[in-house]
Engineer: 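Could you have a look at this structure, given as structure tokens, before my questions?
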Amino acid sequence: MDSKIQELILQLGKTHHLPEDAYACLIRGCSEESAAYAAQLAVPLRRQIYGTDVYVRGLIEISNICRNDCLYCGIRRSNHSCVRYRLSPQEILECCEEGYSLGFRTFVLQGGEDGFYTDALLCELLRTIKARFPDCAVTLSLGERDRESYERLFDAGADRYLLRHETADVYHYQKLHPPSMSFEHRMNCLQDLKEIGYQVGCGFMVGSPFQTPETLAKDLKFIETFRPAMCGIGPFVPHHATPFADYPQGSLELTLYLLSLIRLIAPDILLPATTALGTIHPMGREKGILAGANVVMPNLSPVSQRKKYELYDNKICTGEESAQCRSCLSSRMHSIGYEVVVSRGDQRKLSTSL
Ligand code: SAH
């Protein structure tokens, strides 16, 4: 490994920030050795704050109906081969019920931008979930809504909101999205969510078409300055019925390296080893934890609908029961010396004495 790269990684581990051009330099310097070195610094930081705990989130994919047409996404509006479904509030509650008995204390409600889920419907659902499971956190991941909507959902009990920024470079954003979608609007949503008081998650795909070390440097600078509570990153995986069908998938090595770098930038961040990472390598999620991630998100969606939430090809865990997913992940984590814990899994702060 280049000594300059080693020095930059070391510096990042100490100061938790770097100039944008240094981030670009780090990304250009991605190699097996630099990734191993970054992990070597990231894992002790993660362990100082979270020990060997791995937080689980029960992911409930509530709808694959979407008004948007993101070029990378399998549930985009223009994909007419996608068989659409949506879960009723009753079905969502049944997923929570099952999840609770399996030890989940966070439910993530994710879906396409489906107008069926009005503020009124979601607020009532949130109140019911929070009343029935008062010791649980609810995360929403339902895309862009207006500020008033985010406020109502927060007041009804939503704790967290995941909205990947997808890329922090406006030109790159335009290449991944149709002209009807705006970079400025997505960034404004993230700002609104934070101001309202949500624990906010941003994130991006690794190896998305037209991504460069320079755009990734902007992503890292954005994470450094926005200070999200969570950050979801996973490799881009092509979906056969999208305009990006023939683009290559993102690399395992770069994803793992970025997980470590993000841990160095934000030691206390909640960082999932994503399903997409598990899709491109059979040990992807284990490798993600060993690079510095501390969250996994097994699927709690009804098995009858799971295959239909196909954001990308070959998505794993679409055939198993929720209980199987949960116990499979627990044993996977155990096998590498980590433990899935029964907890809401809120962000912890690095104590100042450390
Ligand atoms: N509609 C919600 C949820 C989107 S799906 C929203 O807008 O936030 C969740 C994430 O899956 C997206 O943010 C995107 O980063 C990721 N995703 C979509 N298509 C993908 C693909 N082909 N490969 C990898 N990740 C993908």
Side-chain angles (χ1 to χ4, degrees), residues 57 59-79 82 84 86 108-117 122 139-145 149-150 153 158 160-168 172-173 176-178 180-183 185-190 192-193 198 200-211 215-216 219 228 230-252 254-255 258 272-281 284 288 297 299 301 308-316:
R57 318 309 194 187
L59 181 63
I60 308 172
E61 297 153 336
I62 68 169
S63 169
N64 69 356
I65 298 171
C66 191
R67 65 183 163 116
N68 285 332
D69 220 14
C70 306
L71 277 76
Y72 44 85
C73 185
I75 66 168
R76 67 199 300 264
R77 184 185 63 213
S78 302
N79 180 8
C82 173
R84 305 286 169 171
R86 66 164 66 99
V108 181
L109 274 47
Q110 186 179 87
E113 293 192 15
D114 179 351
F116 173 79
Y117 300 96
L122 287 171
T139 305
L140 299 177
S141 180
L142 302 171
E144 298 174 31
R145 303 175 76 96
S149 170
Y150 288 147
L153 301 175
R160 311 185 184 129
Y161 205 102
L162 297 179
L163 185 75
R164 289 187 175 183
H165 63 287
E166 311 297 358
T167 170
H172 185 209
Y173 188 92
L176 299 179
H177 299 95
S180 56
M181 292 179 72
S182 117
F183 174 74
H185 190 260
R186 201 155 183 96
M187 287 300 193
N188 285 341
C189 284
L190 282 165
D192 285 342
L193 288 162
Y198 284 92
V200 181
C202 65
F204 57 91
M205 293 173 287
V206 179
S208 62
F210 314 110
Q211 188 174 68
T215 66
L216 279 171
D219 291 318
M230 314 169 276
C231 181
I233 70 160
F236 162 72
V237 184
H239 183 286
H240 62 276
T242 63
F244 292 161
D246 296 327
Y247 282 83
Q249 69 181 29
S251 100
L252 175 71
L254 182 57
T255 306
L258 283 163
T274 56
T275 306
L277 189 54
T279 296
I280 65 159
H281 190 283
M297 299 172 71
N299 205 310
S301 309
K308 299 181 194 154
Y309 197 78
E310 193 191 39
L311 305 176
Y312 46 83
D313 290 342
N314 307 316
K315 193 174 152 208
I316 52 166

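Read the numbers this way: they start at 1 and go in the same order the structure lists the ligands and their atoms.
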Engineer: Name the closest protein heavy atom to atom 3 (C) of ligand 1, giving the residue it belongs to and the distance to 0.1 Å.
Structural biologist: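 For atom 3 (C) of ligand 1, the nearest protein heavy atom comes out as Gly111 O, 3.6 Å.
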Engineer: May I ask you to check if ligand 1 and Leu162 share an N or O to N or O distance below 3.5 Å?
Structural biologist: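 Min N/O separation from ligand 1 is not below 3.5 Å for Leu162.
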Engineer: Do any N/O atoms on Tyr72 end up under 3.5 angstrom from N/O atoms on ligand 1?
Structural biologist: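 The answer is yes, given that Tyr72 and ligand 1 share an N or O pair closer than 3.5 Å.
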Engineer: Find the distance between CD1 (Ile280) and CZ (Phe236) and round it off to the nearest 0.5 Å.
Structural biologist: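 Result: 12.0 Å between the selected atoms.
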Engineer: Whether the Gln249 and Tyr312 side chains hold a donor-acceptor pair (N or O, under 3.5 Å, no angle test) is what I'd like checked.
Structural biologist: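 No, because no side-chain N or O of Gln249 sits under 3.5 Å from a partner of the opposite role on Tyr312.
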Engineer: Taking atom CD of Glu166 and atom CE of Met187, what is their separation to the nearest 0.5 Å?
Structural biologist: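 If we round to the nearest 0.5 Å, Glu166:CD and Met187:CE are 10.0 Å apart.
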Engineer: Side-chain contact test, heavy atoms from C-beta onward, threshold under 4.5 Å: evaluate it for Pro178 versus Arg76 and give yes or no.
Structural biologist: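 Answer no - side chains too far apart.
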Engineer: Which residue and atom name correspond to the protein heavy atom nearest atom 12 (C) of ligand 1, and how close is it?
Structural biologist: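 Sorting protein heavy atoms by distance from atom 12 (C) of ligand 1 puts Glu166 OE2, 3.4 Å first.
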Engineer: Check whether any side-chain heavy atom of Leu153 sits under 4.5 Å from a side-chain heavy atom of Arg145, and report yes or no.
Structural biologist: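 Side chain of Leu153 against side chain of Arg145, heavy atoms only: contact under 4.5 Å found.
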Engineer: Considering distance alone, does some N or O of Arg164 sit under 3.5 Å from an N or O of ligand 1?
Structural biologist: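 Yes, at least one N or O pair falls under 3.5 Å.
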Engineer: Among protein heavy atoms, which lies nearest atom 11 (O) of ligand 1, and at what distance?
Structural biologist: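 For atom 11 (O) of ligand 1, the nearest protein heavy atom comes out as Leu311 CD1, 3.5 Å.
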Engineer: Under 3.5 Å between some N or O of ligand 1 and some N or O of Arg186?
Structural biologist: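 Yes, there is a polar N/O contact under 3.5 Å.
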Engineer: Please state which protein non-hydrogen atom is closest to atom 17 (N) of ligand 1 and give its distance, to 0.1 Å?
Structural biologist: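 That would be Met205 SD, 4.0 Å.
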Engineer: For ligand 1, note which part of Pro235 has a heavy atom under 4.0 Å away: side chain, backbone, both or neither.
Structural biologist: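 For Pro235, only backbone atoms sit under 4.0 Å from ligand 1.
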Engineer: Please confirm whether Gln110 comes within less than 3.5 Å of ligand 1 when only nitrogen or oxygen atoms on both sides are compared.
Structural biologist: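 There is no such contact.
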Engineer: What residue and heavy atom of the protein are closest to atom 23 (N) of ligand 1, and at what distance?
Structural biologist: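 Nearest neighbour among protein heavy atoms for atom 23 (N) of ligand 1, to 0.1 Å: Val237 N, 3.0 Å.
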Engineer: Taking 4.0 angstrom as the limit, do Lys315 and Glu310 come out as a salt bridge?
Structural biologist: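 No salt bridge links Lys315 with Glu310.
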Engineer: List ligand 1 atoms under 4.0 Å from Cys73, heavy atoms only on the residue side.
Structural biologist: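 So the atoms of ligand 1 that pass are 19 (N).
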Engineer: Can you say whether the rings of Tyr247 and Phe244 are parallel (under 30°), tilted (30 to 60°) or perpendicular (over 60°)?
Structural biologist: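 Plane angle over 60°, so perpendicular.
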Engineer: Tell me whether the centres of the aromatic rings in Phe183 and His165 are closer together than 6.0 Å.
Structural biologist: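 That pair fails the under 6.0 Å test.
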